[in-house]
Amino acid sequence: EVTEQAVAVLGAAFEAIGIPARFDWRIFGGAAIDETGEPFPATTREACLGADAVLLGAVGGSSWDDLEPARRPERGLLELRNTLGTFANLRPVQQYATLADASAIRSDAIAGVDLLVVRELTGGIYFGPGREFVSEGERIAESVMVYSETEIRRIARVAFEAARSRRGRVVSVDKANVLDVSRLWRAVVSEVHAREYADVSLSHGYIDSTAMRLVQDPASFDVILTANLFGDILSDLAGALPGSLGMLPSSCIGGSCGIYEPVHGSAPDIAGTGKANPYGAILSGAMLLNDLGHTRAATAVRLAVGRALDAGYHTSDLARGSKAPVSTAEAGSAVLANLSDAFGDTSGGSKASKIAATH
């Protein structure tokens, strides 16, 4: 439902700048398991490899929780990221003033929040070796967090480059007081900073204390750099700032083409009801536009989202008080209605773009 709204806004944005875009819909995750028995079918893989960008919908749900790990929807995500080589996950968090009442955090604490979580995406404990076994009659499982200095170095550069275009501050998050892998992480990040990015401010923080600070003083953050597992946790925690995970977009970059997806999950409890928040998916489309070089179009989409929210188009996860929430389609239509004014005299280039919209 939310992907359809993102595609509608993206299509209108490409049309406004005179660039033909083809959306190639492919099944993925749970839908693909139901139809083909696997989460990332070969036909979807081929479409993604041939695309300029991948727009991704949520893929999981309780229907597939009992499958063996190799066939679960989440395995498709890991394979997609590996296939395209997208090692960096960028998750921006911006506070909209009109949503101050929707946030779980005090309005004075979230004012002006504008941070970016840079999460390493293809290494760490999610990709390290793991096994289950029985010893002395007891079941045991282990998952190993593994990082090479090459993996750490390349994600550190992404964070430092991002900071250069923002407010110039990076906090690198680890657990170096306990974990050997985090001590390597901290050492390599410090080396990259000293050799290449002395103009950027670098500090280090532990995952636990950073989580507390993210709730207490979120406006103090600019760029958060961290490993796969820690980034997964912190970026979901950051969803409490704007009031809902449904507001958070993300991009996965560094490979042959980018993957753009909202941070939230599939929300199976409201699937098909028209209640889901499409803004995270639409804002992911804005990140897609920006990375393809259409920065004016990306800005127009973000402005249109802001104006829709200012006008009170709040879905059920955002609505407060006596005001009735709007539907998924109504929120998407409000963005479309504001898009022309947001564009102004925007003009684009001539390159056609092909987007694999996987759902």
Side-chain angles (χ1 to χ4, degrees), residues 1-10 29-30 55-63 73 89 91-115 117 211 214-215 218 232-251 260-287 301-338 359:
E1 293 162 85
V2 299
T3 307
E4 289 173 351
Q5 299 305 317
V7 168
V9 173
L10 267 176
L55 180 66
L56 182 66
V59 301
S62 57
S63 300
N89 183 212
R91 296 185 167 188
V93 181
Q94 184 176 6
Q95 178 59 36
Y96 291 86
T98 190
L99 297 180
D101 291 342
S103 178
I105 312 300
R106 298 189 328 271
S107 58
D108 61 315
I110 59 173
V113 166
D114 180 11
L115 63 89
V117 178
L214 188 59
V215 173
D232 197 356
I233 295 169
L234 288 178
S235 56
D236 274 21
L237 175 60
L241 304 179
S244 170
L245 274 178
M247 290 302 303
L248 301 189
S250 80
S251 66
Y260 302 86
E261 57 179 318
V263 171
H264 62 71
S266 57
D269 57 320
I270 60 171
T273 66
K275 295 180 180 179
N277 182 341
Y279 292 123
I282 293 170
L283 290 169
S284 297
M287 298 182 77
V301 170
R302 288 193 290 268
L303 286 172
V305 167
R307 290 172 184 176
L309 290 169
D310 289 343
Y313 285 85
H314 299 173
T315 45
S316 58
D317 56 325
L318 302 172
R320 295 294 183 272
S322 60
K323 186 175 178 61
V326 302
S327 69
T328 307
E330 288 170 332
S333 295
V335 176
L336 284 171
N338 282 282
H359 68 293

Taking all non-hydrogen atoms of both residues into account, name the closest pair between Tyr279 and Tyr313 and its distance. OH-O, 2.6 Å

Going by heavy atoms in the side chains, are Val93 and Pro242 under 4.5 Å from each other? yes

Between the side chain of Gln95 and the main-chain N/O of Ala111, is any donor-acceptor distance below 3.5 Å? no

Considering non-hydrogen atoms only, spot the tightest contact between Pro278 and Ala331 and give its length. CG-CB, 3.7 Å

Does the side chain of Thr315 reach to within under 4.5 Å of the side chain of Lys275, using non-hydrogen atoms? no

Val59 and Glu261, any side-chain heavy atoms less than 4.5 Å apart: no

Compare all side-chain heavy atoms of Asp236 with those of Val263 and state whether any distance is below 4.5 angstrom. yes

Of Val113, Val117, Leu237, which is the lone residue that meets side-chain contact (heavy atoms from CB on, under 4.5 Å) with Leu214? Leu237

Ignoring hydrogens and angles, tell me if any N or O in the side chain of His314 forms a donor-acceptor pair with the backbone of Leu309 under 3.5 Å. yes

Where do Ala281 and Pro262 come nearest, in terms of heavy atoms and distance? N-CB, 3.7 Å

Is any side-chain heavy atom of Tyr96 closer than 4.5 Å to one of Val305? yes

If I compare all heavy atoms of Leu318 with all of Ser244, which pair ends up nearest, and what's the gap? CD2-CB, 3.7 Å

Say whether, by atom type as modelled, one donor and one acceptor occur between the side chain of Arg91 and the main chain of Ser250 under 3.5 angstrom. no

My understanding is that only residues two or more places apart in sequence, or in another chain, count here; which of them pass salt bridge (charged side-chain N to carboxylate O under 4.0 Å, His left out) with Asp232? Arg119

Indicate yes or no for a side-chain donor-acceptor contact from Ser251 to the backbone of Tyr260 under 3.5 Å, with no hydrogens or angles considered. no

Would a 4.5 Å heavy-atom cut-off, applied to side chains only, mark Thr328 and Asn277 as touching? no

Return the set of residues passing salt bridge (charged side-chain N to carboxylate O under 4.0 Å, His left out) with Asp108 (not counting sequence neighbours), or none when no residue passes. Arg106

Between Ala6 and Leu55 the two heavy atoms that sit nearest each other are CB-CD2, 4.1 Å

